[in-house]
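In what follows, chains are A, B, ... by sequence order, proteins preceding strands, each numbered from 1.
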Amino acid sequence: MTRVQHDYVPQEIEPKWQKRWDETKLFNAEFDSKKPKKYVLEMFPYPSGRIHMGHVRNYAIGDVMARYFRMQGYNVLHPMGWDAFGLPAENAAIQNKVHPLKWTYENIANMKAQMSRLGVSYDWRREVTTCAPEYYKWGQVMFLKMLDQGLAYRDKRSLNWCPSCSTVLANEEVVDGQCWRCDSNVEQKEMDQWFFKTTQYAQQLLDDLKQLQQWPERIRHMQTNWIGRSEGAEIDFTVDGHQEKIRVFTTRPDTIYGVNALILAPEHALVLKLSRGTSQERAVGEFIKKMKSLDKSARTSEDSEKEGVFTGGFAIHPLTKAKVPVWIANFVVTDYGTGALMAVPAHDNRDHAFAVKYKLPIVQVVALDSKSPGETELPFVDEGVSINSELINGLSTSEAKTKIIAELVRLGIGEARVNFRLRDWGISRQRYWGCPIPVIHCEKDGVVPVPENQLPVLLPDAVQFSGKGGSPLAHHESFVKTKCPKCQGPARRETDTMATFVESSWYYARYCAINHHTSAVSKSDCQNWLPIDHYIGGVEHATGHLLYVRFFHKLMRDWGWVSGDEPATQLICQGMVYKDGAKMSKSKGNVVDPDELVSKMGADTARLFMLFAGPIEKDLEWSDKGVEGCHRFLGRVYRLVMNSLEELRSIKPIDVATTPEAKKLQHLLHKTVKSVTFDIEKDFHYNTAISFMMEFVNALYLVDLKAADKESQGVFRNCLEKLVLMLAPFAPHMCDELWEQLGQKGFTLDQNWPKFSESLAQVSEKEVVLQINGKIKDKITVSAGTVDAELQRLALANTKIVEILKGQAPKKIIVVKDKLVNIFI
RNA sequence: GCCUCUGUGGCGGAACUGGUAGACGCGCUGGACUCAAAAUCCAGUAUCCGUAAGGAUGUGAGAGUUCGAUUCUCUCCGGAGGCACCA
């Protein structure tokens, strides 16, 4: 009989199934209270125009999850959308004269088509596009709610400013201190900005990290670090000869007797007052001027030299009443603590260096190393025992802190204080392509919120993009000119837009409802679907997006919109895709285009490679050969079924085995199902799950179907069906095709995930290693569970062992059931 | 400087609670099929010595705990990432 060799041609299979899935609305998710739910979410992309390999990896990880859980009987929500506002669209408008709206929507269409070609199972009815008015309207509603509650406020902050383009620059647009477009030197300019009070939630954001046991430890650490809680005290020093007080923050109130100076930020409100009329007045003025000319990063980077000047003024030490000089220095910043610190050179590295540089006296050693007090080296920054400190001598650092704080409180000159490194979130962007901030500036009434019935404040279409002269919105007269909602007088609209991170902070809740037009999120749908069970994205969002979503979730919780403290139960941070040792990027020219790969090898191969090449959370090195290997494996599975299709069609699948051959196959099947299931369940070890299926296929290839007994044939067919189902989440197109070819109805996605029997998955025979002094000498096969005494007897009777022992009596024998016997001589 | 992660063949990577290190894939070698090649199928493949049987070495380095360590503890070295004049 001649055999037709069946070739695996994904280019024919994949479009066929994508069409069928689409026609049958296979991926639509409806809530069903009778089924357990899973919300699987991949971070939505910025519509840059084309998906890259990182996206493919991201979506493949999520799609296998979504499909696997569905086969396991879960009701799975798996939506997708677009983080559609942002700088690149506006830059494209400036450079290519395309309107951001057009550019964005064309890109979305492109990328959506690319995603469909990958066969990702999204319920597109839930699609969210953040630049659509029906989405950003709700962002404005939330902004106004925050404004009302004092959680959104306006304040001055210095920004990167290009004097030649007369526009604000994002940090990414400043290259070596120069404007990316015109190379002018970038200046710092103070401007009114909008802020969200993230600091109000700092403690909660920190505390609730404990709930996130299924987030990578690394991310939790990064957030802890970023929030940066430190406990200490605020202490008042009175200024010599003035009414004012200088309040400092310190984490070491116990070292207060060691203070040799106060150091203020150059911007501190009292600086000019202190220096006025002193010989230092000019030096102080010059120093302040110099600091202003520096950009923020240069000013605060650790590389820059510690610099300062004496203000000419003095403060009075609150306990010793000594006169303490007041300095200003570049390393003290206004927006942490009180913008002023007490310098204790004996117990702080930086204060020590500063004192040495400016020859300030190192007043007093006030703490000693409790272990070796005689050898305390300065600066001694660890905890120890207080000395030379009237009130707290002999106390340990922590006792001393408590006592000093109590004393300060008693005297009314200080208090315990917790500070966070986390700053309030600046959300103003002087850009067009973003969500308009819905407020109006009236000369009479100040900042007036746009009434809710006038929302959304729409972005006007007809604007000019020059890249110069600030935000295009500011030049759009009919947008800017408006009436004050309060006094009806002439007023100006806010022309800043919100940072895109605002929109991406609550999209996951919006997905829960379809066609919901009455509020930002649907409370009942959120109740049904939230929290996200598995959230998948890159590490780069660790202290940005992933902190902002947590913040927004807490806001929405406090508004009664959602329940639960946290948006996502499990976070999976996938690694990056590398090629030739570098991250894939256009500039490096090492990009592999997903579309090209899909048309050459098929989506199934692309997906499989992304998951097989390594664990999902680790970086992945691209390998053309590795891709071929995955393609070869899929071909092997395809041919395994197709080349014996005629025989297979007349065989009924069974899971009963009495003959040795059938038993062997059955055991192999159950063992494989168990291993694959276990590896997917255990933090999605896809790479090893796939390798178990490869082993399974290798073994099935060795079966001679025609020569096999009837029973084995039935078990063999069962093996193939289960293999197809297990592989289906990874390579859904090919598996649906094979499922159909095997004469089965429906989609693999609607089948139950294969089950296994623990006893059938167990091996009945174990190979036990025989060792002499820890070296392997032989292996014997015994039935599983053979008792220790019997194992020892078998080992001592083994010919090789007997030969080596030569009649010597063993000193000691260690027996590990089902594993080994170790004999010592 | 502080914090976190990481180090296994020629390469990507396996190894559950300490118990046969290197599964699976790539690459390489050989064989089958073919006039031939590709594709496919089968087999071998850590290193060193040895024709072989066999032996020795081996999970970044060193020590420790243990009958036994890739796995646990300590010290050091290399790589990646985060924070960073934060008082």
Side-chain angles (χ1 to χ4, degrees), chain A residues 5 7 216-226 228-230 232-234 248-252 255 262-263 265 299-307 329-333 335-344 348-351 353-354 381 419-423 539-540 542-543 575-576 608-609 612-615 617-630 632-633 635-636 639 643 675 678-679 682 685 687-698 701-702 767-771 773-776 778-779 811-824:
Chain A
Q5 178 73 40
D7 289 327
E217 222 189 333
R218 180 170 49 142
I219 303 291
R220 297 203 308 264
H221 273 117
M222 280 162 79
Q223 292 208 354
T224 305
N225 214 334
W226 187 263
R229 187 191 140 99
S230 58
E234 285 189 358
V248 301
F249 173 70
T250 177
T251 53
R252 290 293 300 271
T255 62
L262 298 191
I263 309 179
R299 153 92 189 271
T300 54
S301 96
E302 197 175 3
D303 305 332
S304 55
E305 178 121 0
K306 287 163 190 42
E307 277 185 287
N330 59 343
F331 57 84
V332 184
V333 293
D335 56 352
Y336 184 77
T338 58
L341 61 86
M342 59 180 218
V344 185
D348 181 275
N349 289 321
R350 193 195 42 211
D351 295 346
F354 192 75
V381 298
N419 258 324
F420 293 94
R421 199 165 304 191
L422 182 77
R423 307 294 155 91
V539 236
E540 65 273 20
T543 50
M576 287 200 281
L608 193 73
F609 172 72
F612 178 63
E617 70 280 2
K618 283 177 93 180
D619 289 340
L620 176 157
E621 174 70 27
W622 181 265
S623 150
D624 287 327
K625 291 288 184 187
V627 176
E628 280 170 38
C630 288
R632 200 172 302 152
F633 167 68
R636 249 168 99 75
R639 286 185 299 273
N643 289 351
S675 305
F678 182 82
D679 275 5
K682 216 206 148 199
H685 289 181
N687 57 331
T688 50
I690 293 165
S691 66
F692 280 118
M693 288 190 270
M694 286 173 167
E695 275 184 83
F696 189 39
V697 169
N698 290 346
Y701 257 89
L702 300 179
E767 196 175 57
V768 170
V769 176
L770 305 183
Q771 296 178 321
N773 293 343
K775 304 258 176 192
I776 300 157
D778 204 4
K779 295 167 185 179
K811 274 191 198 147
K812 189 173 178 183
I813 300 175
I814 289 181
V815 182
V816 183
K817 192 182 264 181
D818 291 341
K819 284 197 176 126
L820 61 77
V821 180
N822 194 0
I823 300 166
F824 291 85

Under 3.5 Å, which protein N or O atoms sit close to an N or O of nucleotides 65-73 of chain B? Give each pair with its distance.
from: B:C67; atom 1: O2; to: A:Asn822; atom 2: ND2; distance (Å): 3.3

For [X], side-chain contact (heavy atoms from CB on, under 4.5 Å) partners two or more places apart:
{"X": "A:Lys625", "answer": "A:Ser623, A:Glu628"}
{"X": "A:Thr224", "answer": "A:Leu206, A:Leu209"}
{"X": "A:Asp778", "answer": "A:Leu770, A:Asn798, A:Lys800"}

Within the 4.0 Å heavy-atom criterion, would you say [X] contacts the bases, only the backbone, or no part of the nucleic acid?
{"X": "A:Ser230", "result": "sugar-phosphate"}
{"X": "A:Lys682", "result": "nothing"}
{"X": "A:Arg423", "result": "base"}

Annotated protein contacts, base or backbone, on nucleotides 23-29 of chain B with a non-hydrogen cut-off under 4.0 Å, one of B, S, - each:
BBSSS--
Just to verify, what does A:Phe609 make a ring pair (Phe, Tyr, Trp, His ring centres under 6.0 Å) with, not counting sequence neighbours?
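For A:Phe609 the ring pair (Phe, Tyr, Trp, His ring centres under 6.0 Å) partners, ignoring immediate neighbours, are A:Trp622.
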Taking the side chain from A:Asp619 and the backbone from A:Gly575, do they hold a donor-acceptor pair closer than 3.5 Å?
no
Hey, is the main chain of A:Glu307 close enough, under 3.5 Å, to the side chain of A:Asn330 for a donor-acceptor pair?
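Such a contact is found between A:Asn330 side chain and A:Glu307 backbone.
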Whole-Å gap separating P (B:G1) and CG (A:Asn349)
12 Å
Mind listing the closest non-hydrogen atom pair of A:Gly337 and A:Phe249 along with its distance?
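Closest heavy-atom pair between A:Gly337 and A:Phe249: CA-CB, 4.2 Å.
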Which pair of heavy atoms, one from A:Tyr701 and one from A:Arg636, lies closest together, and at what distance?
OH-O, 2.8 Å
Which nucleotide, in any strand shown, forms a Watson-Crick or G-U wobble pair with [N], with both distances under 3.5 Å?
{"N": "B:A32", "answer": "B:U40"}
{"N": "B:A46", "answer": "B:U57"}
{"N": "B:C5", "answer": "B:G79"}

When you compare [N] with [M], how far apart are their [atom1] atoms, in angstrom units rounded to a whole number?
{"N": "B:U17", "M": "B:G68", "atom1": "C1'", "answer": "16 Å"}
{"N": "B:G54", "M": "B:U59", "atom1": "P", "answer": "24 Å"}
{"N": "B:G58", "M": "B:G44", "atom1": "P", "answer": "27 Å"}
{"N": "B:U6", "M": "B:G13", "atom1": "P", "answer": "13 Å"}
{"N": "B:U75", "M": "B:A80", "atom1": "P", "answer": "23 Å"}

With no angle test and no hydrogens, is the base of B:C86 tied to the side chain of A:Arg350 by a donor-acceptor pair under 3.5 Å?
no
Go through it in stages, so that I can follow the logic: the residues are A:Phe633 and A:Phe612, the test is ring-ring contact (aromatic ring centres under 6.0 Å, His included), and I'd like the CA-CA distance, side-chain angles, deciding distance and then a yes or no.
CA-CA 11 Å; A:Phe633 167 68; A:Phe612 178 63; 8.0 Å; no
